[in-house]
Protein chains: 2
Amino acid sequence: MSLSYSHIKDKISESGLKVTHQRIVILNTVLQMDNHPTVEHIYESIKDANPSISLGTVYKTVEAFVNNGLLSKVSTNEGQMRYDPKLDNHGHIYCSNTSEIIDYFDDELNDMILSFFKNKRVSNLKIKNITLQINGDKIDPEKDVLIK
Amino acid sequence: MSLSYSHIKDKISESGLKVTHQRIVILNTVLQMDNHPTVEHIYESIKDANPSISLGTVYKTVEAFVNNGLLSKVSTNEGQMRYDPKLDNHGHIYCSNTSEIIDYFDDELNDMILSFFKNKRVSNLKIKNITLQINGDKIDPEKDVLIK
DNA sequence: TCTTAAATAAGAATAATTATCAATTAGGAA
DNA sequence: TTCCTAATTGATAATTATTCTTATTTAAGA
Ligand SMILES: [Mn+2]
Ligand SMILES: [Mn+2]
Ligand SMILES: [Zn+2]
Ligand SMILES: [Zn+2]
């Protein structure tokens, strides 16, 4: 583990946080999830192999990761925050019938929005990012959503 | 009041909900607020004139309004839902330093996004709406944000 | 190896929201 | 107009997500 986690350790360390076993496990787990998990979901997926890591630590850890640029945070209309290992600018598809959040990457769209706002006068606001939110319902909950 | 609220009453009635004093007061209040209020905020602003309306009723009522197309609901990273009387498609500017949510209407942008997705194949998703989310910080919290 | 500030586990506390249920009421039917 | 009934409400309890507290442990630099 010391060896295979070296990449994770570097990321944590470079972000300015102390490297702890808990943080290694949590970051490694979230990086492998592409479903925008909740804290509870993260906790469930680590606890069998790491029964001593407490739920409170998962809360504190993901929040530290967000504040230090290792994760991003996504809010929904369903009362729970969700976490996202993808840091580059991208949109999200919210399926209200399945509670899924699906990534939507599109360079052409990003460029279009960027150049749109290039021509705008924005006063009294320091923009951090601009994202697109696509709200809808999955038609067949079993199948994937595809936009291309 | 029976007279001046007739427009509000009609809206409630046409949406399929029973017309009650509580609903008239709450809808009338939210329609006049442009700050995307929380339930608590709505409750505070009605309770002096309507001390008998309970907080639970405000929760149930705004949720009924959302389900019946009279209000829309906006989520934030701050643990409270916020309600929006504007129903036509528009984006939001989230100022994380002031917790403000500011409407961003732009027909040109709407058209641009619409025509962008016209040329896309979207499979297995019934799109309800597509909105833009602009995240940033107000520079001078006292002054307004302007994009033009 | 020592030192110390930061992190953790466990559990209590808080805050937003939802559920329960008896009493009231809106609005259609008679 | 009166009656009927399902929907709504107020009061309050319960739930849920998240944060706080504190004693203990630990990472990492001196
Ligand atoms: Mn929330
Ligand atoms: Mn909550
Ligand atoms: Zn994402
Ligand atoms: Zn709005």
Side-chain angles (χ1 to χ4, degrees), chain A residues 1-2 5-6 8-27 29 36-44 46-47 49-68 70-71 73-83 99, chain B residues 1-2 5-6 8-27 29 36-44 46-47 49-68 70-71 73-83 99:
Chain A
M1 116 158 181
S2 302
Y5 282 159
S6 64
I8 303 281
K9 286 179 171 182
D10 289 348
K11 283 192 145 193
I12 296 172
S13 189
E14 284 161 20
S15 84
L17 292 169
K18 281 192 183 180
V19 177
T20 67
H21 171 68
Q22 291 85 340
R23 286 174 174 168
I24 295 168
V25 168
I26 293 168
L27 185 57
T29 300
H36 305 81
T38 64
V39 163
E40 201 67 40
H41 188 174
I42 298 165
Y43 178 67
E44 286 303 317
I46 67 173
K47 81 166 176 201
N50 304 269
S52 71
I53 299 182
S54 73
L55 179 60
T57 293
V58 182
Y59 272 101
K60 279 177 284 196
T61 301
V62 292
E63 212 49 36
F65 287 163
V66 170
N67 292 331
N68 290 64
L70 293 174
L71 292 180
K73 180 155 104 165
V74 178
S75 67
T76 70
N77 284 4
E78 277 136 75
Q80 271 177 106
M81 292 300 156
R82 298 175 63 162
Y83 294 86
S99 299
Chain B
M1 119 162 178
S2 300
Y5 282 160
S6 65
I8 303 281
K9 286 179 170 182
D10 288 349
K11 283 193 146 192
I12 296 171
S13 189
E14 283 161 20
S15 84
L17 292 168
K18 280 192 182 181
V19 177
T20 67
H21 172 67
Q22 292 85 341
R23 286 173 175 167
I24 295 169
V25 168
I26 293 168
L27 185 56
T29 300
H36 304 82
T38 64
V39 163
E40 201 68 39
H41 188 174
I42 298 164
Y43 178 67
E44 286 304 317
I46 67 173
K47 82 165 176 203
N50 304 270
S52 72
I53 299 182
S54 73
L55 179 60
T57 294
V58 181
Y59 272 101
K60 280 177 283 196
T61 301
V62 292
E63 212 50 35
F65 287 163
V66 170
N67 293 331
N68 290 65
L70 293 175
L71 293 181
K73 180 155 106 165
V74 178
S75 66
T76 69
N77 283 5
E78 277 135 73
Q80 265 170 301
M81 292 299 156
R82 299 175 62 161
Y83 294 86
S99 298

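By convention in this document, chain letters (A, B, ...) are assigned in the order of the sequence lines, proteins followed by strands, and residues within each chain are numbered from 1.
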- Task: Send over the distance from A:L55 CG to C:dT8 P, rounded to a whole Å.
- Result: 14 Å
- Task: Write down the distance between CD1 (A:I46) and P (C:dA9), rounded to a whole number of angstrom.
- Result: 9 Å
- Per atom distances to the A:T20 side chain, the nearest of D:dA27, D:dT9, D:dT18 is D:dA27
- Message: With a 3.5 Å cut-off and heavy atoms only, can you find an N or O donor on one side and an acceptor on the other between the side chain of A:K18 and the base of D:dG29?
- Response: no
- Find out whether A:K9 and A:I24 are in side-chain contact, i.e. whether some heavy atom of one side chain is under 4.5 Å from a heavy atom of the other. yes
- Would you check if A:K60 and A:F65 make a side-chain contact, meaning some heavy-atom pair closer than 4.5 Å? no
- Message: Please report the distance, rounded to the nearest Å, between OH in B:Y43 and C1' in D:dA11.
- Response: 11 Å
- Nearest to side-chain heavy atoms of A:S52, which nucleotide of C:dT8, C:dA9, C:dT17: C:dA9
- Message: Checking contacts here: which listed nucleotide (D:dG10, C:dA16, C:dT25) is nearest the side-chain heavy atoms of B:Q80?
- Response: C:dA16
- Task: With the side chain of A:Q22 defined as its heavy atoms from C-beta on, choose the nearest nucleotide among C:dT18, D:dA28, C:dA9.
- Result: C:dA9
- Mind calculating the distance between CD1 (B:I53) and P (C:dT25) to the nearest angstrom? 13 Å
- Taking the side chain of A:Y59 as its heavy atoms from C-beta onward, which of D:dT9, C:dT17, D:dT18 lies nearest to it? D:dT18
- Looking at side-chain heavy atoms only, is the closest gap between B:I8 and B:I12 below 4.5 Å? yes
- Task: Take atom CE of B:M81 and atom P of D:dT16, then tell me their distance rounded to the nearest Å.
- Result: 16 Å
- Note on the structure: Ranking B:K60 and A:E63 by the position along DNA chain D of their nearest nucleotide, the one closer to 5' is B:K60
- The answer to which of B:V39 and B:S13 contacts DNA chain C further toward the 5' end, by nearest nucleotide, is B:V39
- Item | Under 3.5 Å donor-acceptor, B:R82 side chain and B:V74 backbone | no
- Just how far, in rounded Å, is P of D:dT18 from CD1 of A:I42? 10 Å
- Kindly indicate whether the side chain of B:V39, heavy atoms from C-beta on, has any atom under 4.5 Å from the side chain of B:M81. no
- Message: Counting the atoms with a prime plus P, OP1 and OP2 as sugar-phosphate, which does A:V19 contact under 4.0 Å by heavy atoms, base, sugar-phosphate, or nothing?
- Response: sugar-phosphate
- Task: Respond yes when some side-chain nitrogen or oxygen of B:T57 is under 4.0 Å from OP1 or OP2 of D:dT9, and no when none is.
- Result: no
- Query: Within this structure, what is the CD-to-P distance between A:E14 and D:dA28, rounded to whole angstrom?
  - Reply: 13 Å
- Message: From NZ of A:K73 over to C1' of D:dT18, roughly how many Å is that when rounded to an integer?
- Response: 10 Å
